[in-house]
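Each residue takes its place number in the sequence, starting with 1. Being a predicted model, the structure only gives us computed values, none of them experimental. Remember, it's 1-based here, ligands and their atoms both numbered in the order they're listed.
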Amino acid sequence: MSTLERRQAIIVLDYGSQYSRLITRRIREAHVYSELVPAATTLAELQKNDHLDIRGFILSGGPSSVYDADAPSCDPAILESGLPVLGICYGMQLMALQLGGHVAPARGLREYGPATIELLAATPEEEESFRIFEGIKASPEQTDKLSNANNKHPRLPVWMSHGDSVDQLPAGFHILATTESNPVAAIGNAQGYIGLQFHPEVSHTPQGRAIIHNFLFRICACEASWTPGHVIDEAVTLIRAQVGSEKVICGLSGGVDSAVAALMIHKAIGDQLICIFVDTGLLRAGEREQVIETFGNHMRIPLVVVDARQRFLERLVGVTDPERKRKIIGAEFISVFEDEALKLASEQGQISFLAQGTLYPDVIESTSHDTASTAKSIKSHHNVGGLPEEMKFKLVEPLRMLFKDEVREIGAALNLPEDWVWRHPFPGPGLAIRIIGAVDEQRLEILRAADKIVIEEIRKAGIYREIGQAFAVLTPIQSVGVMGDGRTYANMVAVRAVTTGDFMTADWARLSPELLGRISNRLVNEIPEINRVVYDITSKPPATIEWE
Ligand code: XMP
């Protein structure tokens, strides 16, 4: 069995900024591995993981002031490790203070939002730290806007958000950049310790990516080796080591996460993997057929399809409360899955492992000190993830260290069909929470047909990937219409389409009137039970993405 190579890594210490995750993602987008860890993590703890070849640290921003009684600090061993450190905002102030500098408390004045920094000229002995800005120039357009005749130095637009500021540098540090209101906007020393008062990770700092790249490649001397091929090879080695010759079951949901998890595991252990797909009857049009075609026929992965439509429909008769629907569907799912796993075990011998498509954001959430990210869930989500505890499976979680966009990239590298790779998320309880009121076969049929039309038209318009999620909702409202010579009394369907980054907040998508017109015409013309279509123009918050 091959052993794992040590992996170059940048560790991001999380001081609670809303952008901490984004820093980790930016680093990974540059194909360098990065982990986000709680601020209190010590160097000794990090060094226990001997697969990590730590190349540098980033101290994130955060809401605290270094003068707060409970202000989080940094393990001094990290700052003494000799490895480069990039402090961002709070991270810069903390680093300056812990290394013997001084931070001036905010005097009621906070610098927040767009700002312009002016890069200073490096003296020969300062050149090392100026590498953070190497090759970075204001674009001609920015130069026109930002410079005036008196400015000799490059000026860059950046995104600021801070109260306190460094007013005395630690020994050996010098100033790299200033702003009009803050003489210390960026600092550094010859050992590769850099402090930035602004946020290079956000898109409002246009040269931010280049600045992060400079830290990774010029200061930390990283290589861009965190590529999908590399991630897959590593996962394969780990899965083989974990599973040995035992069997693994994996519930496929039709979504991208479970599909990629299954493909990775299959690559590692072949037919020791058995996939289970439960047709709850609450799925979108064609979903079951697509799973069979892709996994069973095309990829030739052992696949068990369970037709549980009747079981789910029976449990849902007359249930209108959304939370009850979720609980019933969740419990029924577990019960079907358990039945199937037991059946498989009796036919094929013991099954020791259950695969789950847990992603890195879930892992961070469960370890983060950050209260915002542990915000309690508003709906009781049911995922294929929340499976039989009492069955005592050991878990295989090959996506644990991956963000969603990385999962998609890896899915593509594993030949998952493109429209699957980019598929919008679909809730575990399926169409049941898109039928307002009681669920029955007839209403499911109407909604399935409506959903298909909405998605087809959005795909045809070429905007499917820009949209975070799009779907139809079958409302309990019936209204009067007129078709041909006759009066109708039929259902109202709502169309929902949102743009979003993380699904925690979302904006309603500005679909063109022409596209909305086409969707509406097709819904009413092709589905006799629908005679009225409305478009949902609420953002989240205050609304949620789903209607139930
Ligand atoms: P909301 O409606 O809470 O949705 O704004 C946010 C995201 O979560 C999905 N969602 C669910 N996913 N089980 C799931 O697995 C659920 O019960 C559930 N409810 C909502 C929703 O589709 C969106 O992507």
Discussion item. Regarding Gln272 and Arg240, do their side chains bring together a donor and an acceptor under 3.5 Å, going by distance alone?
Written reply: no

Response to the item:
One finds that the ligand 1 atoms under 4.0 Å from a non-hydrogen atom of Lys540 are 1 (P), 3 (O), 5 (O), 6 (C)

Worksheet, complete the sentence: Closest to atom 23 (C) of ligand 1 (heavy atoms only, candidates Lys325, Gln469, Glu323) is Gln469

Discussion item. At less than 4.0 angstrom from any non-hydrogen atom of Thr544, what atoms of ligand 1 do you find?
Written reply: 1 (P), 2 (O), 5 (O)

Fill in: Per-atom contacts, ligand 1 versus Pro429 - under 4.0 Å to a heavy atom
13 (N), 16 (C), 17 (O)

Worksheet item: Atom CZ of Arg434 and atom CG of Leu474: how far apart are they, to the nearest 0.5 Å?
Response: 12.5 Å

Response to the item:
Residues passing the salt bridge (charged side-chain N to carboxylate O under 4.0 Å, His left out) test with Arg324, sequence neighbours excluded, are none

Discussion item. Under 3.5 Å between any N/O of Glu546 and any N/O of ligand 1: does that happen in this structure?
Written reply: yes

Discussion item. Considering both backbone and side-chain atoms of Phe426, is one of its nitrogen or oxygen atoms within less than 3.5 Å of a nitrogen or oxygen in ligand 1?
Written reply: no

Discussion item. Is the terminal nitrogen or CZ of Arg284 (NZ for Lys, CZ for Arg) located under 6.0 angstrom from the six-membered ring centre of Phe426 and within 45° of that ring's axis?
Written reply: yes

Discussion item. Checking Arg28 now: which residues fulfil salt bridge (charged side-chain N to carboxylate O under 4.0 Å, His left out) with it, not counting sequence neighbours?
Written reply: Glu406

Discussion item. Looking only at distances, can you tell me whether any N or O atom of Gly428, backbone or side chain, sits closer than 3.5 Å to an N or O atom of ligand 1?
Written reply: yes

Worksheet item: Rounded to the nearest 0.5 Å, how far apart are CZ of Arg522 and CD1 of Ile453?
Response: 4.5 Å

Worksheet item: For ligand 1, which atoms, with element, lie under 4.0 Å from some heavy atom of Phe503?
Response: 6 (C), 24 (O)

